[in-house]
Every structure is written in C-alpha cells, then in structure tokens.
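Each chain gets a letter, A, B and so on, in the order the sequences are listed, and its residues count up from 1.
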Amino acid sequence: MADEVVLLSFWLSPFGMRIKIALAEKGINYDYKEENLQDKSPLLLKMNPVHKKVPVLIHNGKPICESLIIVQYIDEVWKETCPLLPSDPYHRAEAKFWADFIDKKIFDSGRKTCMSKGEETEAAKKELIESLKVLEGELGEKPYFGGEKFGFVDLCLIPFYTWFYSYETFGSFSMEVECPKLIGWAERCLEKESVSNSLADQQKVYQFFGQMRKMYGIE
Amino acid sequence: MEKLKLLGTYTSPFNRRVMWALKLKGVPFEYIEEDLFTNKSELLLKSNPVYKKIPVLIHNGKPISESTVILEYIEETWPENPLLPVDPHERAIARFWIKFMEDKDKAKKDCLEVLRTIEEHGLKEDKKFFGGTNIGLTDLVFGLLAYQWELMEEIVGVKLMEVHSFPRLHTWAENFKSVSVIKENLPDRDRLFARLKGRKEVLVGSSKSH
C-alpha cells in the first residue's frame, strides 16, 4: 500500500520549508495544503489541537507536529534514503544542540527585527546578529554545518535565508558585512535542488512583512 | 572504563531528569555540584561556552549540553531499559510532549491552562505513564510536576492542581513517584522548599500570568 503523506503549512514559515526540504531529500511524494493562518482549516485544528500551528505532517492519517520532531520522524521512517542526521550518537547530539539553538535564538529575534521600529528593532537586531555570528563560528571553514555534506543543521537554518533581505532592510544592516561566511554557505545550499525548490522568494517575504507592518501601524 | 561526569545543581529539575535517566539505565557517573551564583567552574565554562548553564554531561571528555539533547544521547548510547518507544510515530508523540514542557518552562504561561492541556491531551486513562506501561523520557521531563507542585502551592498559598480537576495528572504523579529509582532519587523536601521559597516572586508571577 502506498504511503499517504500530507503537509499542512504556510508559505512564509521557515519551519514548513524545513519539512519540504526533508521530503525532497528523501524523494517522498506528498500533498501540500496551504493554510490561511487567519482562518485555520478544520483539518489543522483536528491534527494539532494543542497548538493549532503549522507545519503538520500527516502520514497515513496520523499527525506529527513541531518541525524538528517531524524531520526526525521522516529520517526514522525513511531511513534507507539519504540520512539527515549523523549515525554517531555524539554527532547527533551536536546536531540537535545547534538545531535547538537556531530555534531559540534566530526565529524570534529575526521576527522582531522585521516587525518593530526604533529601539525595539535595535535590540532585536543586536541579538539576531550575535546569534548568527555564533553560528558562523560553529560553521568555521566547513562547507556545511554537517561537514562535507548538507545535513540536519543546514536544513534547519537555510529556510531563514528567505528572511535575510527583510532582516537587512528593516534592521538596516548588511548580512554580507556581518556574516559573510553564512552568505557563502547559503549560496552553497541553494545549489541543491531540494533546497532551491523548497524556499520562498525573498522579495515576496519582504513584501509580506511590509504589508504586516502597515497593518500593525509599525510604518 | 567509560568516564561519565554530570555537572548540575541539586534543585534543578533539568539536572534531576538527567540523573534519573542515568540511574534508570544503571549507568554509573560522577556528579559535580556547581555553584552557579558565585563561581561557575572552569570545566562548566569550557564545556558549555554557548550558554554556560547546567546540566552538562561529559562522556569520555566530550560535553553535551541542553537537558533534552542529553536525554536523547543517553537513550541512544545506552539502549538497555529503553526510555523512548520503538515506533516512530509514538516517539514523535513523546518528543512533542517533551517540547511542550520545555516551551512552557520558558514562556511561564498560565499554569492552569498548561495543566488542563496535559490532562486532556497528554495523558490517557488506560496508560500508567505518558508512553504507556513503562516510564519514559517524557515522564522524566514532566517529573517536577510530581514532586514540586505541592510545595509551590504551599509557598504561593493557592491550590492549583486539585485532585478532582486533574485526576489523570494525580494518578500519573503517584505512578511516577512509586518507580523505585525515582522514589530513591527525589530531592529532599526541606532543601527544595528553602530554594523555592527564595524564588517566591517568580512563582507568584507564573501562577497568575496569562
């Protein structure tokens, strides 16, 4: 019997993009359903009753929530193809540590940088740049966070590339100046089809934030 | 012989869950109590340069930080007495509730709402523990609810986790505390009381915030 795989997400969500990349890396066919976060579908509310958030993966009718948990699930179920996590427990722990760091330090500070003004933006931007520099330190001279190959940490971080232009414009700084290694790394990741086909367009993201700022009276 | 060191503090629930996991698996380790306020050790600062926090597990000289990352490392390195289910979907559910508890720790959201969600969605009537018949990582992460809650209610003066409102949580707490490794490794009540009392403002804030 063929697997039935459905992904519920929102085009802007970096967390949803992680899942798209993971599914593409493994060559898994799936149905994508775009959610309107102002009017969530009954399916989403039923599949994630606790948080009512995207992304949600539905595999043969059973829901899996939280992007890092979904990626690990995909890696465990479709384990023969293209492993996303290393096999050694210590390297796996290192990968999970950095994925957790990205979740704790990049999303919120990045969002605040785009959705605020004045002092609040300065504070958010400072935290964002500091955290990105820590990640740059971890990358070092390696081509990918995973070493020679694209891996779990690369997959977790690369979707935020789609927000870089918005960070720079609303935060008034240059990613190329602050984090040149990360720009190089991102370009390397984008050479992979599984990545380039899964990411939202940077300009569309920027326009979306522009609209949101007007709506919330931030402009 | 493998060298295993755990850097932690006595009253930290993040540290305690790691200790429970190691003891449930019968893995010997050296415990080092850190002084977080006046003097973090060189070893801690070197082992966790990113956050400088406990717990840190050091295995044959290699450090692992963040309690949930440590728990999964322990599970993978010492697979005997498994603390995660075998089925990938059930593992995903276990990890979902672990993340739920971690996020609530950080957000300090409305406690009653959190308890209500756990009661209705996390625990099942026919299951002794979060995962089923055996204790698992999810139970360890929720562990502090089993021993710290009553103390907090005493200090704050507000009864939050009434038995009739949260029957599943109360049953789970009793089941959890009766596991012999847990029973033998609960923090001393007086020592914990003293520590929690010193943080009363934090507790009052978390019990009333939305």
query = Is A:E66 close to B:R95 at the side-chain level, that is, under 4.5 Å between some pair of heavy atoms?
reply = no
ask   = Can you name the residues that form a side chain to side chain donor-acceptor pair (under 3.5 Å) with A:H59, not counting sequence neighbours?
value = A:D3, A:Y73
inquiry  = Looking at A:E4, I'd like to know if its CD atom is crowded, meaning that more than 12 non-hydrogen atoms belonging to other residues, nucleotides or ligands lie closer than 6.0 Å.
reply    = no
Toward chain A, the part of B:S65 with a non-hydrogen atom under 4.5 Å = both
query = Should the heavy atoms of other residues, nucleotides or ligands under 6.0 Å from NZ of A:K53 be counted, would the total exceed 12?
reply = no
key: NZ/B:K46: more than 12 non-hydrogen atoms of other groups inside 6.0 Å   = no
ask   = Looking at A:A93 and B:Y73, what are the two nearest heavy atoms and their distance?
value = CB-CD1, 4.0 Å
query = So which part of B:H89 gets closer than 4.5 Å to some heavy atom of chain A, the side chain, the backbone, both or neither?
reply = both
key: B:P63 vs A:Y90 side-chain heavy atoms within contact, under 4.5 Å   = yes
ask   = Is it the case that A:K104 places NZ or CZ above or below the six-membered ring of B:Y51, under 6.0 angstrom from the centre and within 45 degrees of the axis?
value = yes
key: Results of side chain to side chain donor-acceptor pair (under 3.5 Å) for A:R188 - residues two or more places apart only   = none
ask   = When you look at CG of A:D88, are more than 12 heavy atoms from neighbouring residues, nucleotides or ligands closer to it than 6.0 Å?
value = yes
ask   = Please walk me through it: do A:H51 and B:F96 pass ring-ring contact (aromatic ring centres under 6.0 Å, His included)?
value = CA-CA 11 Å; A:H51 298 304; B:F96 175 88; 5.3 Å; yes
request  = Identify the heavy atoms of A:D100 and B:E66 that sit nearest to each other, and give their distance.
outcome  = OD2-OE1, 3.5 Å
request  = For residues A:W98 and B:V50, determine if any side-chain heavy atom of one lies less than 4.5 Å from a side-chain heavy atom of the other.
outcome  = yes
inquiry  = Surrounding NZ of A:K142 (heavy atoms of other residues, nucleotides or ligands, distance under 6.0 Å), is the total greater than 12?
reply    = yes
note = Residues A:P49 and B:H121: closest non-hydrogen pair is CB-CE1, 3.9 Å
task = Take atom NZ of A:K26 as the centre, draw a 6.0 Å sphere, and report whether it contains more than 12 heavy atoms from other residues, nucleotides or ligands.
result = yes
query = Which region of B:K99, side chain (C-beta onward) or backbone (N, CA, C, O), has a non-hydrogen atom less than 4.5 Å from a non-hydrogen atom of chain A, or is it both or neither?
reply = side chain
Winner by heavy-atom pair count (cut-off under 4.5 Å) against chain B, out of A:V50, A:L68, A:V134 = A:V50
key: Part of A:K105 within contact of chain B (heavy atom distance under 4.5 Å)   = side chain
inquiry  = Does B:K177 have more than 12 heavy atoms from other residues, nucleotides or ligands lying within 6.0 Å of its NZ?
reply    = yes
task = Enter the distance from B:I64:CD1 to A:K96:NZ here, rounded to the nearest 0.5 Å.
result = 11.5 Å
